[in-house]
There are 2 protein chains.
Amino acid sequence: MTCALEYAPQLRARGYRMTPQRMAILHVLRHAETHLSPAEIYKKARLEAPGLTEPTVYRTLEFLADIALVRPSFSSSGHLTYEMAGNDHHHIVCRDCGGEVEVEHTLLESLYRLLETTSGYRSINSHVTFFGVCPNCQAK
Amino acid sequence: MTCALEYAPQLRARGYRMTPQRMAILHVLRHAETHLSPAEIYKKARLEAPGLTEPTVYRTLEFLADIALVRPSFSSSGHLTYEMAGNDHHHIVCRDCGGEVEVEHTLLESLYRLLETTSGYRSINSHVTFFGVCPNCQAK
DNA sequence: TAAGTTGTTGTAAAAACTTGCAATAAGGAT
DNA sequence: ATCCTTATTGCAAGTTTTTACAACAACTTA
Ligand SMILES: [Mn+2]
Ligand SMILES: [Mn+2]
Ligand SMILES: [Zn+2]
Ligand SMILES: [Zn+2]
């Protein structure tokens, strides 16, 4: 739980505050080995921060995504899930079974540079989810 | 409104049915010049199909996306919007102002082939939304 | 044209997500 | 330690999206 304290200076430096609610949510995300939905995060984080409410979870996740501490991505059902930032990667999800696999960010880097030059947009660094059909489901 | 009738054979060939509700929704999408949210589609389509309900709109859009007649994509707020399929393209959305621009699908084609060979997934043909900062917002 | 099969719809309710606002408390200043 | 400012929270209510299931109606067949 105290592992989340290491983010406090980053927040304060930008005018934000560290709170028990944010600590609990960051702690949950740090120890997750997969993406989590807001509901899952709420269920786990409230154990550490009793009194935590769902609106706070949603607001906190959006906040943490804004300051780039966490990454949102879309699950196979199209809903938002969250994970800690760092270790850039993307996802391919199977349209049939929902099975998921990670993609190295390096595979997309040249595309991002291409998009930036052709569109004029900058800082394109989306966490993208692609959809396809996995090897298993191709068998059918 | 009758323009939607041309999709009837496609549906029937696959065991599905054409209904007034689906006609109205397809008609709205055919004449839209931008992406529409389920709520917008509901408001317009109910004029053609009185008695149409929101659950039907959501179910129909998911159905039409499944059979690849329409394309879902994420708006700047992260919500799903829909447009007719055909004319492959993608989007870049500005993180600041939400401004949006289209991207030729051809720019992504070699990436898709690369993803297919490295992941084993097939038929990767997502309609992707990238996020960045538009030229206007870069000025600030 | 009538009957049967089953894909689709509306209804009602639940679940998921968002919003406005007053009360709270984090962290800087004294 | 105490005070102050204001970022953040909880509460309550609203909106959006999903679900279960019985009634309905599109299409096939005879
Ligand atoms: Mn991920
Ligand atoms: Mn589009
Ligand atoms: Zn699969
Ligand atoms: Zn912009």
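Proteins get letters first, then strands, A, B, ... in listed order; numbering begins at 1 in each.
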Test: A/Arg30 cationic atom under 6.0 Å from A/Tyr7 six-membered ring centre, within 45° of axis: no

All N/O pairs under 3.5 Å across the protein-nucleotides 12-14 of chain C interface:
none

Distance check needed: C/dG27 C1' versus A/Met18 CE, whole Å only. 13 Å

According to side chain to side chain donor-acceptor pair (under 3.5 Å), who are the partners of A/Ser110, at least two apart in sequence or on a separate chain? none

Of D/dT17, C/dT9, C/dA26, the nucleotide closest to the side chain of B/Thr60 is C/dT9

Is the count of non-hydrogen atoms from other residues, nucleotides or ligands lying under 6.0 Å from A/Asp96 atom CG greater than 12? yes

Categorize A/Arg59 for me: base, sugar-phosphate, or nothing, with a 4.0 angstrom heavy-atom threshold over every strand shown. base

Rounded to whole Å, how long is the line connecting atom NZ of A/Lys43 with atom C1' of C/dA16? 14 Å

Do B/Val128 and B/Tyr112 have side chains that get closer than 4.5 Å, going by heavy atoms? yes

Below 4.0 Å: OP1/OP2 of D/dT9 and any side-chain N or O of A/Thr19: yes

Can B/Glu83 and B/His127 be said to form a side-chain contact (heavy atoms from CB on, under 4.5 Å), step by step? CA-CA 11 Å; B/Glu83 68 186 323; B/His127 190 209; 2.8 Å; yes

hbond_proxy B/Arg17 side chain to C/dG7 base (donor-acceptor, 3.5 Å cutoff): yes

Using a cut-off of strictly less than 4.0 Å, decide whether A/His79 has a side-chain nitrogen or oxygen near OP1 or OP2 of D/dT18. yes

Looking at A/Glu62 and A/Arg59, does any basic side-chain N land under 4.0 Å from a carboxylate oxygen? no

Cluster check A/Leu111, B/Val101: I/L/V/M/F/W/Y, side chain < 4.5 angstrom: yes

Tell me if the CG atom of A/Asp88 is crowded by more than 12 foreign heavy atoms within 6.0 Å. yes

Can you tell me if B/Glu104 has over 12 outside heavy atoms packed within less than 6.0 Å of its CD? no

Where each residue is assigned the nucleotide of DNA chain C containing its nearest heavy atom, which of B/Gly51 and B/Gly15 is assigned the position nearer the 5′ end? B/Gly15

Tell me: CG of A/Leu11 to C1' of D/dA7, nearest whole Å? 12 Å

Tell me the interatomic distance from A/Tyr58, atom OH, to D/dC11, atom C1', rounded to whole angstroms. 17 Å

Report which part of the nucleic acid B/Gln21 touches: base, sugar-phosphate, or nothing (heavy-atom distance under 4.0 Å, all strands). sugar-phosphate

Could you verify whether a donor N or O on one side chain and an acceptor N or O on the other, from A/Arg95 and B/Asn125, lie under 3.5 Å apart? yes

For the pair made of CG in B/Leu64 and P in C/dT8, what is the distance, rounded to whole Å? 10 Å

note: A/Leu52, atom CG; D/dC11, atom P; distance rounded to Å ~ 11 Å

Could you state the atom-to-atom distance from CZ of A/Arg12 to P of D/dT8 in whole Å? 12 Å

Examine C/dG10: is either OP1 or OP2 under 4.0 Å from a nitrogen or oxygen in the side chain of B/Thr56? Give yes or no. yes

Grab the CD-P distance between A/Glu62 and D/dT8 for me, whole Å please. 13 Å

So what does B/Tyr16 hit on the nucleic acid, given a heavy-atom distance under 4.0 Å: a base, only sugar-phosphate, or nothing? sugar-phosphate

Give the residues of residues 22-42 of chain A touching DNA chain C, defined as any heavy atom closer than 4.0 Å, sorted by residue number. none

